[in-house]
Amino acid sequence: MLHRGMRNATIQFYFNRPDRPVNSGRITNIGDGTYSDSALIPMAGDATLDAFLAGFGQASLVVPPAPGAQVAPARCGPLDRETLLAMFQQDADGTWRFRPGETDAHECKASFRLRNAHVWLRAVAALANNRGGYILFGVHDKDAACADGVDKSFAVIGLTGSDFANLDPADLTSHIKAKLDPTPRVGAATIELDGKTVGVLHVEQHPSRPVIATRQEGDIREGDIFFRYPGQSSRIKYGDLRTMLDERDAIARQQILPMVEKLLQRGPDRVLLADLEEGVLDDGKRPITIDKSLLDQLSFIREGEFNEVAGAPALRLIGEVRAAGEERIGSRGVVTDVNLLTNFLNRETLFRPVEYIRFAVEASHAEWLPIFYFAQASQLDRADLAAFIGGLGGSAKRREMFASRAMGTKAAFKKPVGTPATMLQEIELGLLPEPANSKDANNVAMAICGLVSPEGFEPATLLDLLSRCVALASTDSKGGIMSNIRRAACRLDELLFAPAGKG
């Protein structure tokens, strides 16, 4: 630096630290060789100095470039050549070394093999869970042995194979995505130093830490959480995990505070929460469904400026939003056998009712689940319903079974015998039984399966009767009663909601 004509005050800038200021007079003593053994230390070459200066990229400093050298841009990306070159320095004997060594943001590995992914996946997860950083391949790690008196610590040895040079970004992403969740963002680059190739992976800190291993890979176990400590990537310690989770919670609170402030400003009586995935507006008292045709008309426009906060991006809701009526709106969380049956028996208004049909065919293992109520809510006739079922996933056997029910060639009707037959006669006479226990509930369900016509009954009467049976069946440890109740529900579904035709 002195040889290039840089002033002491400028040189100070590159070496001063908050805990270690550098004296200007000391720089003079180093320059004239009177400080310690500075006279024995060879001067760095132009390439080394240029690489060192490029790492700072300070636009406010005017540094005289070496003759014929190109000035590095003021700002460099993490994988730009200037950024990577600044990480290496060349010894007097010509050996290139990685300047930072192994830290909590840098890991060095001698080789790279895509097939041995666990070797570097651990480091990827560890860096993503800390503050991000680099993995360098073709660089020797800490050399404690110093064989033959030669210290190879962080020396560039270069990659011998072509795995890294031929690495397809899609293959890299697929390896990471298949083993880690959430998926860290990783970029790759190479740099040549005196003919030796160094492969570099740059890992960003993940905003939704912790990154967790989702499957076994080498010595990585499912559920492992790795963290980068100085010199090693190891399983996280409790204190660091606790700190990470606390930071994530703090960020979440910061993100939600503006919404809470607006809620307080306007008052809860003037605010609805919009769940756009479920198509529901809710104030905690009375939810409002958004009709599917209207939901398709809603558009969200990200604008560069909003009149409340200048310069802040905002979302504007455009479209007509109406209440779907005063009926209860059913649960729209994960569909299960239980809430499908409950929504049917309670005659609840639902958003996207076809998803219940999809669940019955593709995901459930129950043989009998109502479908016509949900088909009616979706304005599907028998042919439309059968066509919809035919296009679903799941086993061919279940699609065929539900399609047969849709067309009326298969029904839930089953002639009862014994006590259920007697109950059926009473029901047909208008004398509804009042089940008192799980055994009664089972008999009522089998009796309903024998109904031929719903004439003379209010739909709510029979559905409410079966709802009471469901409540009693919850005490049955064997679980066989629910099978009969689901079949009875299907029989009522056929009688009350199926389009005219067979069944």
Side-chain angles (χ1 to χ4, degrees), residues 1-17 20-58 61 63-72 76 80-103 105-111 134-160 189-200 230-231:
M1 289 178 166
L2 290 172
H3 181 73
R4 191 173 289 190
M6 296 174 64
R7 299 167 60 104
N8 283 12
T10 302
I11 296 173
Q12 273 183 290
F13 170 82
Y14 290 92
F15 299 96
N16 273 336
R17 297 179 186 174
R20 192 199 66 184
V22 176
N23 186 280
S24 177
R26 182 65 51 78
I27 296 174
T28 300
N29 295 337
I30 292 173
D32 60 25
T34 59
Y35 176 72
S36 185
D37 61 346
S38 58
L40 302 176
I41 300 175
M43 181 177 66
D46 284 337
T48 302
L49 178 56
D50 287 340
F52 174 77
L53 297 176
F56 288 85
Q58 296 294 326
L61 287 175
V63 180
Q70 294 183 350
V71 179
C76 300
D80 288 350
R81 175 176 171 76
E82 293 81 2
T83 302
L84 299 179
L85 191 60
M87 297 180 182
F88 296 87
Q89 65 182 13
Q90 194 171 27
D91 294 346
D93 62 359
T95 301
W96 284 95
R97 295 184 189 271
F98 182 57
R99 293 178 58 242
E102 290 211 325
T103 69
H106 307 90
E107 179 159 338
C108 301
K109 294 190 175 298
S111 61
Y134 294 86
I135 310 171
L136 296 105
F137 302 93
V139 177
H140 203 290
D141 58 5
K142 178 68 175 176
D143 185 10
C146 295
D148 300 325
V150 179
D151 185 3
K152 297 180 181 179
S153 296
F154 317 122
V156 174
I157 57 179
L159 290 170
T160 56
T190 59
I191 184 172
E192 295 283 338
L193 296 169
D194 288 344
K196 296 178 179 179
T197 301
V198 175
V200 183

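Residues take their numbers from the sequence shown, with the count starting at 1.
The side chain to side chain donor-acceptor pair (under 3.5 Å) search around T103 returns H106, not counting sequence neighbours. The side chain to side chain donor-acceptor pair (under 3.5 Å) test applied to E102 returns no partner, not counting sequence neighbours. The side chain to side chain contact (heavy atoms under 4.5 Å, CB included) check on L85 picks up A51, R81, I191, L193, with sequence neighbours excluded. Applying the side chain to side chain contact (heavy atoms under 4.5 Å, CB included) test to L2 and every residue at least two apart in sequence or in another chain returns N8, I11, I27.
For the atom pair OG1 (T95) and CD (Q90), the distance works out to 8.0 Å, reported to the nearest 0.5 Å. In this structure, CG on L49 lies 7.0 Å from CE on M6, to the nearest 0.5 angstrom.
Contact record, A110 with I157: CB-CD1, 3.6 Å, taken as the closest heavy-atom pair. In plain terms, the two heavy atoms of F154 and C108 that are nearest each other are CD2-SG, 4.2 Å. Of all heavy-atom pairs between A189 and L84, the closest is CB-CD1, 4.2 Å. Summarising the geometry of V156 relative to K196, their closest heavy-atom pair is O-NZ, 3.5 Å, with the distance given to 0.1 Å. L159 approaches G199 most closely through the heavy-atom pair CD1-N, 3.7 Å.
Inter-residue side-chain proximity for F98 and V198 is flagged as unmet; no heavy-atom pair is nearer than 4.5 Å. The closest side-chain heavy-atom distance from V200 to M87 is not below 4.5 Å.
Counting only residues at least two apart or on different chains, the salt bridge (Lys or Arg N to Asp or Glu O under 4.0 Å) pairs with a member in residues 92-101 are D91-R97.
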